[in-house]
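These notes are about the structure you will find just below.
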Amino acid sequence: MKIIIAGAGEVGFHLAKLLSYESQEITLLDTKKESLVYAIDHLDIRVIKGDATSIAVLKDARIDTSDLFIAVTSSETTNITACVLAKQLGARRTIARISNTEFIDQKEEVGFSKFGIDELISPESLAASEIELLLNQYGFNDSYEFEDGALTMLSLRLSRTASFVDKTVKEAAEVFPELHFIPIAIQRFGTQYTIIPRGDTQFKEGDKVVFITSKGGDEELFELSGKVKIDIKKVMILGGSQIGYKTAKDLCQGKFSVKLVENDKDIAFDLADELPKVLVINGDGRNVELLEEENISKMDAFISVTGNSETNIMSCLVAKSKGVKKTIALVENMDYYQLSQSIGIDTLINKKLLAANNIFRYIRKGEVVAMTKLNNMNAELLEFVVNSKSKITNKLIKDLDFPRSAIIGGVIRNGKGIIPLGNFRIEAGDRVVVCCLPRSITEVEKFFF
């Protein structure tokens, strides 16, 4: 697949890096020579110095033969213009990164596809949505919804009080029949190895386990995991960035009481005007005395989304030391993902990873409608649509020669989520959620051609 990426910033470079691992043919465009030099030194890709809105530059990148054009520069206007030009010059599909979330909310009414833009993505909007989902799924470290919650991916670390610790998957299924969840990936405590569980795989204390649940499965999983469920109502947000603003706006429309701390006086006053339901505080969120004055110990969740990763991590650690139940930090450095559990922060989120997950489904074979990489685990979660000609159609799951490094975690049929067992028959029109290790992706895709 030939892919052209405009913008060698954080999102563009990260995308190029991930896609180059997939053996895709990548061309990276940027106006800054130093960004391209860094990309050449670290990635096996083609680079071109130039403006993505230049017709000559696009032709030099062979836009007429490209399968996908992705514009992720820091300029929203540049991205939109570049995608319009790329489509007119022959690109099969285009994706534009935007910062104005109003465009996404009104995309059907405006009809961006008429202009040549097939998809809009906003890393800030994706991050805000991820935060809201994590708060609604308190107790779980990661979450991802398929088809508005028909199926949900949840992950947690097993404590010794979890009912299924020291049991195999098969034994747990026999003890707890009729449950609405299934384990799809396990990472042993203290290792970086990802296991796709089988019947004889044993759950151990300290394991990070990823589950697929249907409706009600999250409640069952919470109870069996030995955790005590506490509703999150009071939330403090540090940082009035686009993510902070969008998160506060979304949360205050629901059940949450929101405080937002912003250091810049002008930004704080603007936020107070735009968010009348949010208590906006002008002050330095790194100041422990300020946090104590604002009753941080009474907060159920603390979210730090300033532009500085270290500030976000340290402020979350302070919040945790004051008894805050749920902490979420925005980080730019992917290496920090390895540290989240060991240093005590519940969840780290990264805009680059969220944007990459959103874009990745366009380069998968078969009709992939959703895709996410599991945080800090070497596995992918993909949602395929089954058509009448798919090799998997009208087959029992137990009769499929599915690779051992992959597992079918759930099926959505007529809008209803199902946790399928071996005797379940896949039908055309089903949406099948598969978890697999990278080495088995190509083999899995063949079942859905």
Side-chain angles (χ1 to χ4, degrees), residues 101-102 105 122 124-143 145 148-149 152 154 156 218-219 222 227-307 311-330 344-349:
T101 55
E102 197 176 38
D105 297 336
S122 165
E124 293 78 17
S125 181
L126 290 170
S129 297
E130 178 82 356
I131 290 168
E132 186 174 6
L133 184 58
L134 286 164
L135 294 183
N136 286 320
Q137 295 288 359
Y138 168 68
F140 300 103
N141 299 323
D142 306 302
S143 57
E145 286 188 345
D148 297 322
T152 305
L154 300 167
L156 55 80
D218 56 337
E219 298 284 346
F222 212 98
K227 294 179 180 289
V228 178
K229 185 155 188 175
I230 303 170
D231 282 337
I232 290 180
K233 294 180 181 178
K234 297 179 181 179
V235 179
M236 182 179 286
I237 300 171
L238 177 59
S241 61
Q242 285 182 316
I243 296 175
Y245 167 78
K246 182 78 167 60
T247 301
K249 183 180 178 182
D250 292 347
L251 293 180
C252 70
Q253 290 173 353
K255 63 180 182 180
F256 302 98
S257 170
V258 182
K259 286 185 179 182
L260 191 153
V261 182
E262 169 54 46
N263 196 30
D264 186 290
K265 186 176 180 180
D266 293 333
I267 294 175
F269 274 98
D270 288 342
L271 289 170
D273 289 337
E274 294 181 41
L275 301 169
K277 293 183 179 180
V278 176
L279 177 58
V280 179
I281 299 148
N282 176 219
D284 189 345
R286 296 171 297 183
N287 186 327
V288 178
E289 289 184 4
L290 172 68
L291 295 178
E292 288 177 338
E293 285 175 12
E294 295 302 329
N295 296 318
I296 190 170
S297 60
K298 301 272 182 72
M299 295 294 118
D300 299 314
F302 182 86
I303 302 160
S304 191
V305 287
T306 73
T311 296
N312 295 338
I313 289 173
M314 292 307 297
S315 58
C316 278
L317 291 176
V318 170
K320 207 67 176 174
S321 72
K322 301 298 180 183
V324 177
K325 306 176 191 77
K326 181 80 171 178
T327 54
I328 301 173
L330 175 73
I345 296 175
D346 295 304
T347 307
L348 299 180
I349 59 172

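What you see below is based on every heavy atom in this structure, not just the backbone, and it leaves out hydrogens, waters and symmetry mates.
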Query raised in the report: How about Val305 and Thr247: do any of their side-chain heavy atoms sit closer than 4.5 Å?
Result: no
Query raised in the report: Could you state the interatomic distance from CG (Asp250) to CG (Leu135), rounded to the nearest 0.5 Å?
Result: 11.0 Å
Requested in this report: For the residue pair Met314 and Arg286, establish whether any side-chain heavy-atom pair is separated by less than 4.5 Å.
Outcome: no
**Report entry** Considering all heavy atoms, the nearest Ile243-Ala127 contact
**Finding:** CD1-CB, 3.8 Å
**Report entry** Minimum side-chain heavy-atom gap Lys246-Glu124 below 4.5 Å
**Finding:** no
Report summary line: Test side chain to side chain contact (heavy atoms under 4.5 Å, CB included), reference Val324, set Leu291, Val318, Ile296, output is Ile296
Report task. Using a 4.5 Å cut-off on heavy atoms from C-beta on, say whether the side chain of Lys249 contacts that of Leu275. Result -> yes
Query - Among Lys325, Lys326, Lys320, the one residue meeting salt bridge (charged side-chain N to carboxylate O under 4.0 Å, His left out) with Asp346 - result: Lys320
Report task. With the side chain counted from C-beta on, respond yes when Asp300 and Val235 share a heavy-atom pair under 4.5 Å apart, and no when they do not. Result -> no
Query raised in the report: Between Asn263 and Asn282, is there a donor-acceptor pair closer than 3.5 Å when you use the side chain of the first and the backbone of the second?
Result: no
Report task. Can you establish whether the number of heavy atoms outside Lys233 located under 6.0 Å from its atom NZ is more than 12? Result -> no
Requested in this report: Could you tell me which non-hydrogen atom of Asp264 sits nearest to which non-hydrogen atom of Asp266, and how far apart they are?
Outcome: OD1-N, 3.0 Å
Query raised in the report: Can you tell me how far OG of Ser122 sits from CD of Glu102, rounded to the nearest 0.5 angstrom?
Result: 12.5 Å
**Report entry** Interatomic distance, Met236 atom CE to Glu294 atom CD [nearest 0.5 angstrom]
**Finding:** 6.0 Å
Report summary line: Between Ile267 and Gly240, the two heavy atoms sitting closest are CG2-O, 4.1 Å
Query raised in the report: So among Thr306, Asn312, Ile313, which one has a side chain to side chain contact (heavy atoms under 4.5 Å, CB included) with Leu330?
Result: Asn312
Report task. Check the surroundings of atom CG in Asp148: do more than 12 heavy atoms from other residues, nucleotides or ligands lie under 6.0 Å from it? Result -> no
Query - Test applied, side chain to side chain contact (heavy atoms under 4.5 Å, CB included); reference residue, Phe302; option that passes from Ile345, Ile237, Leu238, Ile328 - result: Leu238
Report summary line: Rounding to 0.5 Å, atoms CG (Asp270) and NZ (Lys265) come to a distance of 12.5 Å
Report task. Might you point out which heavy atoms bring Gly244 and Leu260 nearest each other, and give the distance in Å? Result -> O-CD1, 3.8 Å
Query - side-chain hydrogen bond (donor to acceptor under 3.5 Å, both in side chains) partners for Thr311, two or more places apart - result: Asn308
Report task. Could you tell me the separation between the NZ atom of Lys277 and the CD atom of Gln253, rounded to the nearest 0.5 Å? Result -> 7.0 Å
